Amino acid sequence: MLIEGYDDGPLTAGEPLLDRPGFWSNHLLVLCGYGDRAERPDPEWFGDDGADADALSEVLFDPGHWPVFRVPAGTGPGAVVVYRNLAGDYGTDYLLTGPDGSGTRRIARWDADFTGAGLTWRELTGIADGHLSTTEPTEEAESPEPAEGVRDTASRLLLLLPLLTDPDIPEEA
């Protein structure tokens with residue numbers, strides 16, 4: 001797997017991790033923060049137990065493997081989420097891609113804090129919905145190969161949810 005700017009990172013496909021216990025709590029607890037709450041964010045909020053979350057965090061933050069989650073696009077932008085696991089410099093990078101998966105550009109990252117532009121609700125749901133090509137094959141044309149990456153719309157939305165910076169989220173959200 002090659003991503004421009006990540007030549008030295010040991011990138012690995014992260015999509016198989018989405019179904020493992022502990023993934024969503026690891027990925028989304030950063031959004032919960034302490035804020036004004038007296039209670040500490042807890043993996044059980046996501047249906048995980050602490051042991052599952054701890055075991056998966058060792059996989060997600062292993063300096064020898066940088067999980068990459070690809071959110072392919074059809075007609076609009078796609079995204080790539082990279083768990084950047086440099087020793088002493090862990091973080092999650094969010095990249096946008098062109099419809100063909102090319103032209104990656106980092107728009108945000110989570111280290112200790114969020115840095116970057118983020119997305120509006122409309123942009124987030126547009127990428128999550130994928131605007132994936134649903135062209136039916138014809139006798140003259142062969143069906144295009146499905147793009148590698150996360151195909152489930154709900155998983156795509158949750159994977160990119162840390163990018164939501166829109167202060168005006170519509171009521172239907």
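Quick caveat, the model's predicted, so the values are computed rather than measured.
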Practice prompt. Indicate the atoms forming the closest heavy-atom contact of Ile127 with Ala79, along with that distance.
Written response: CG2-CB, 4.3 Å

Worksheet item: To the nearest 0.5 Å, what is the distance between CG (Leu159) and NE2 (His27)?
Response: 4.5 Å

Worksheet entry | Shortest non-hydrogen contact from Ala108 toward Leu163 | CB-CD2, 3.5 Å

Worksheet item: Quick one: does Arg151's side chain have a donor or acceptor within less than 3.5 Å of a partner on Val71's backbone?
Response: no

Worksheet item: Does some side-chain heavy atom of Leu56 sit less than 4.5 Å from a side-chain heavy atom of Pro21?
Response: no

Fill in: Residue Glu171 excluded, over 12 heavy atoms near CD under 6.0 Å
no

Discussion item. Between Glu15 (side chain only) and Arg70 (backbone N and O only), is there a donor and an acceptor less than 3.5 Å apart?
Written reply: yes

Discussion item. If I take atom OH from residue Tyr94 and atom CG from residue Leu160, how far apart are they, to the nearest 0.5 angstrom?
Written reply: 7.5 Å

Worksheet item: Just how far is it from atom CG of Asp52 to atom OG of Ser25, taken to the nearest 0.5 Å?
Response: 8.0 Å

Item to complete: Using the test side-chain contact (heavy atoms from CB on, under 4.5 Å), find all partners of Asp168 that sit at least two apart in sequence or belong to another chain.
Response: Asp166

Worksheet item: Minimum heavy-atom separation for Tyr90 to Pro63, with atom names?
Response: OH-CG, 3.5 Å

Discussion item. Nearest 0.5 Å, please: how far is CG in Leu161 from CH2 in Trp24?
Written reply: 9.5 Å

Worksheet entry | Sequence-distant partners of Asp111, side-chain contact (heavy atoms from CB on, under 4.5 Å), two or more places apart | Arg84, Asp89, Arg109

Item to complete: Identify the residue among Val80, Val82, Leu95 that makes a side-chain contact (heavy atoms from CB on, under 4.5 Å) with Arg106.
Response: Leu95

Worksheet entry | Sole candidate of Leu164, Ile169, Thr165 that passes side-chain contact (heavy atoms from CB on, under 4.5 Å) when paired with Leu124 | Leu164

Worksheet entry | Set of ring pair (Phe, Tyr, Trp, His ring centres under 6.0 Å) partners for Phe61, sequence neighbours left out | Tyr83

Worksheet item: Under the side-chain contact (heavy atoms from CB on, under 4.5 Å) criterion, do Val68 and Thr12 qualify, and how do the steps go?
Response: CA-CA 6 Å; Val68 175; Thr12 59; over 6 Å; no

Worksheet item: What are the two closest heavy atoms between Ser57 and Asp54, and how far apart are they?
Response: OG-O, 2.9 Å

Worksheet item: Just by modelled atom types, is the Ala55 backbone N or O under 3.5 Å from a matching donor or acceptor in the Glu58 side chain?
Response: no

Worksheet item: So which heavy atom on Gly14 is nearest to which on Pro67, and how close?
Response: CA-CB, 4.2 Å

Worksheet entry | Close aromatic pair by centroid cut-off 6.0 Å: Phe23 and Phe69 | yes

Worksheet item: What distance separates Asn85 CG from Leu60 CG, expressed to the nearest 0.5 Å?
Response: 8.0 Å

Worksheet item: In Å and rounded to the nearest 0.5 Å, what is the CG to OG1 distance from Leu157 to Thr125?
Response: 8.0 Å

Item to complete: Test side-chain contact (heavy atoms from CB on, under 4.5 Å) on Asp93 and Trp110 and set out the steps.
Response: CA-CA 7 Å; Asp93 295 337; Trp110 274 94; over 6 Å; no

Worksheet item: Can you check whether Leu28 reaches Leu158 side chain to side chain, under 4.5 Å on heavy atoms?
Response: yes

